[in-house]
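The sequence lines fix the lettering, A, B, ..., with proteins before strands; numbering per chain opens at 1.
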There are 2 protein chains.
Amino acid sequence: MSAQTRTRTFSIKEAAALTGLPASTLRYYESIGVVAPVSRSASSGHRVYDEDDLDLLTWVACLSATGMSVSDMRQYVANGAAGAAAAEQQIELLSAQRERLAREAERLAVRRRYVQLKVDYWQAVADGDDARATSLSEGARALADELKRTK
Amino acid sequence: MSAQTRTRTFSIKEAAALTGLPASTLRYYESIGVVAPVSRSASSGHRVYDEDDLDLLTWVACLSATGMSVSDMRQYVANGAAGAAAAEQQIELLSAQRERLAREAERLAVRRRYVQLKVDYWQAVADGDDARATSLSEGARALADELKRTK
DNA sequence: CCTTTGACTTCAAGTACTTGAAGTTCCTAG
DNA sequence: CTAGGAACTTCAAGTACTTGAAGTCAAAGG
């Protein structure tokens, strides 16, 4: 029932759509060895991705999205290929990643409030409501302080 | 009471600490014209930042942190200098920024769940709990799909 | 059969910083 | 007054991509 689904292959465009990474980045990651060279169509020379490639790339996409360096990703992928033996190290790498994300989330929340405040500020300026503008301006300053502390 | 507080000046290191931007980035932004050349100490040639500079840089830091391009920042800063007349355009720019941030927050939330799942997965592998590992692996796949949809 | 369209290919250059080297200048303590 | 170290300066090179140019290949329409 799934003999053909499991062996389906994908063009670079499809792989890009499925992993969320631009095609240019897929080529780039391959060129610098983050992922192994992808097999090619014999006739056209175009890259042909299988489902295993996609699984790996989805995972790499997640790592890169969280600010992991390409050399760390290379390392991580190598570990992943080594299998369960490297589980300990995977967990370590991932926990660091998780904390990075948590901090990122905090900073992002503050930034959102900051931007909203700035929108309100300029709205007040546009409305000629100077008192409100001044008070918002002070709020922005306070938030900017908070932003710098969370960093 | 605040005659001297309002005229306080800052070194590049202090400016970096207060804005959250590395000193190298402050120099870079100046070199490419995102901000106007900062005044210098007559004796040493070192940069001297005043509070207005800091306000502007804090704001630029927020814009850059949310993914605004340097040319857009340049534009934005130019508008800011023009004052209230450009309020309309500021609001437009900022609203776009706000939406970018909202999308970013969504994606970040999914990514955090994804990483947590991967931690759990490797923990299960380390524990030899194959059934749990398989089930978590499926969950990861579902989340990866979601991640790609939110993009 | 030929041409055009579109997706792919590589390679070179651009973007937004970051890092490192090499050389001042400032400050503090001997 | 002078030696040392921290902090500053510029400039060049590195990083992680992204974008654009120029060419190749495959299927569809005339």
Side-chain angles (χ1 to χ4, degrees), chain A residues 8-50 53-54 57 59-77 97 100 104 107 151, chain B residues 8-50 53-54 57 59-77 97 100 104 107 151:
Chain A
R8 235 210 99 179
T9 59
F10 306 86
S11 71
I12 195 170
K13 197 183 185 183
E14 289 170 322
L18 291 166
T19 60
L21 292 170
S24 61
T25 303
L26 296 182
R27 281 188 281 259
Y28 174 64
Y29 280 173
E30 192 181 332
S31 79
I32 61 169
V34 166
V35 298
V38 173
S39 56
R40 304 294 187 117
S41 151
S43 55
S44 67
H46 293 186
R47 284 167 182 81
V48 176
Y49 294 85
D50 63 26
D53 291 334
L54 280 246
L57 283 171
W59 178 223
V60 166
C62 185
L63 295 180
S64 97
T66 61
M68 187 179 273
S69 75
V70 291
S71 43
D72 281 0
M73 289 195 286
R74 226 188 315 244
Q75 179 63 46
Y76 186 95
V77 168
Q97 206 64 3
R100 231 194 308 257
E104 178 71 18
R107 259 180 284 133
K151 201 152 191 178
Chain B
R8 234 211 100 178
T9 58
F10 307 85
S11 70
I12 195 168
K13 196 184 186 185
E14 290 170 322
L18 291 167
T19 61
L21 293 169
S24 61
T25 302
L26 296 182
R27 280 188 280 259
Y28 174 66
Y29 281 174
E30 192 182 334
S31 77
I32 62 169
V34 166
V35 299
V38 173
S39 57
R40 305 294 186 114
S41 150
S43 55
S44 67
H46 293 185
R47 286 169 181 80
V48 176
Y49 295 84
D50 63 25
D53 291 334
L54 280 245
L57 284 171
W59 178 224
V60 167
C62 184
L63 295 180
S64 98
T66 62
M68 188 179 272
S69 74
V70 290
S71 43
D72 281 0
M73 288 195 287
R74 226 190 313 246
Q75 178 64 45
Y76 186 95
V77 168
Q97 207 64 3
R100 232 193 308 256
E104 179 70 16
R107 259 179 284 132
K151 202 151 193 178

Notebook entry, point to check: S69(B): what forms a side-chain contact (heavy atoms from CB on, under 4.5 Å) with it, not counting sequence neighbours?
Noted result: S71(B), D72(B)
Check: Across the strands shown, which category fits I12(B) at heavy-atom distances under 4.0 angstrom: base, sugar-phosphate, nothing?
Finding: sugar-phosphate
Next item on the list: Kindly state each residue pair satisfying salt bridge (Lys or Arg N to Asp or Glu O under 4.0 Å) with at least one member in residues 12-22 of chain A, sequence neighbours excluded.
Entry: R8(A)-E14(A)
Next item on the list: Mind calculating the distance between CE (M73(B)) and P (dA16(C)) to the nearest angstrom?
Entry: 8 Å
Checklist line | Between dT15(C) (C1') and D72(B) (CG): distance, integer Å | finding: 13 Å
Can you give me the N/O atom pairs linking the protein to nucleotides 18-23 of chain C at distances under 3.5 Å, or say none if there are none?
| unit_1 | atom_1 | unit_2 | atom_2 | d |
| --- | --- | --- | --- | --- |
| dT18(C) | OP2 | T25(B) | OG1 | 2.3 |

Next item on the list: Among residues two or more places apart or on two chains, list those pairs meeting salt bridge (Lys or Arg N to Asp or Glu O under 4.0 Å) that have a residue in residues 18-28 of chain A.
Entry: none
Margin query: Tell me the interatomic distance from M68(B), atom CE, to dT15(C), atom P, rounded to whole angstroms.
Written below: 18 Å
Next item on the list: Would you mind telling me which of L26(A), T19(A), T25(A), V34(A) makes a side-chain contact (heavy atoms from CB on, under 4.5 Å) with V60(A)?
Entry: V34(A)
Nucleotide N/O of nucleotides 23-28 of chain D paired with protein N/O under 3.5 Å:
| unit_1 | atom_1 | unit_2 | atom_2 | d |
| --- | --- | --- | --- | --- |
| dA26(D) | OP1 | S43(A) | OG | 3.4 |

Note to self: Students often get this wrong, so: under 4.0 angstrom with heavy atoms, is S11(A) touching a base, only sugar-phosphate, or nothing?
What the structure shows: sugar-phosphate
Notebook entry, point to check: About how many Å separate CE of M73(A) and OG of S64(A), when rounded to the nearest 0.5 Å?
Noted result: 5.0 Å
Note to self: Once side-chain hydrogen bond (donor to acceptor under 3.5 Å, both in side chains) is applied, do any residues pair with T9(A), and if so which ones, sequence neighbours excluded?
What the structure shows: none
Next item on the list: Could you state the atom-to-atom distance from CG of L21(B) to C1' of dA16(C) in whole Å?
Entry: 13 Å
Checklist line | Integer-rounded Å distance: dG6(C) P and K13(A) NZ | finding: 10 Å
Item checked: Residue-phosphate contact under 4.0 Å: R40(B) side-chain N/O, dT25(C) OP1/OP2 -> no
Check: Which whole-number value in Å describes the distance from L26(B) CG to dA16(C) P?
Finding: 17 Å
Check: CD of E30(B) versus C1' of dC8(D): gap in Å, rounded?
Finding: 13 Å
Next item on the list: Answer yes or no: does a side-chain N or O of R47(B) lie under 4.0 Å from OP1 or OP2 of dC8(D)?
Entry: no
Margin query: Checking S43(A) now: which residues fulfil side-chain hydrogen bond (donor to acceptor under 3.5 Å, both in side chains) with it, not counting sequence neighbours?
Written below: S41(A)
Notebook entry, point to check: Does OP1 or OP2 of dA16(C) have a side-chain N or O of Y29(B) closer than 4.0 Å?
Noted result: no
Next item on the list: Quickly work out the Y49(A) OH to dA7(C) C1' distance and round it to whole Å.
Entry: 13 Å
Check: Within the pair R27(A) and dT9(C), is there a side-chain N or O less than 4.0 Å away from OP1 or OP2?
Finding: yes
Next item on the list: Kindly write out the residues that satisfy side-chain contact (heavy atoms from CB on, under 4.5 Å) with Q75(B), not counting sequence neighbours, or none if the list is empty.
Entry: N79(B), Q89(B)
Margin query: Under the rule for side-chain contact (heavy atoms from CB on, under 4.5 Å), what residues qualify as partners of E30(B), not counting sequence neighbours?
Written below: V35(B), P37(B), V38(B), R40(B), R47(B), Y49(B)
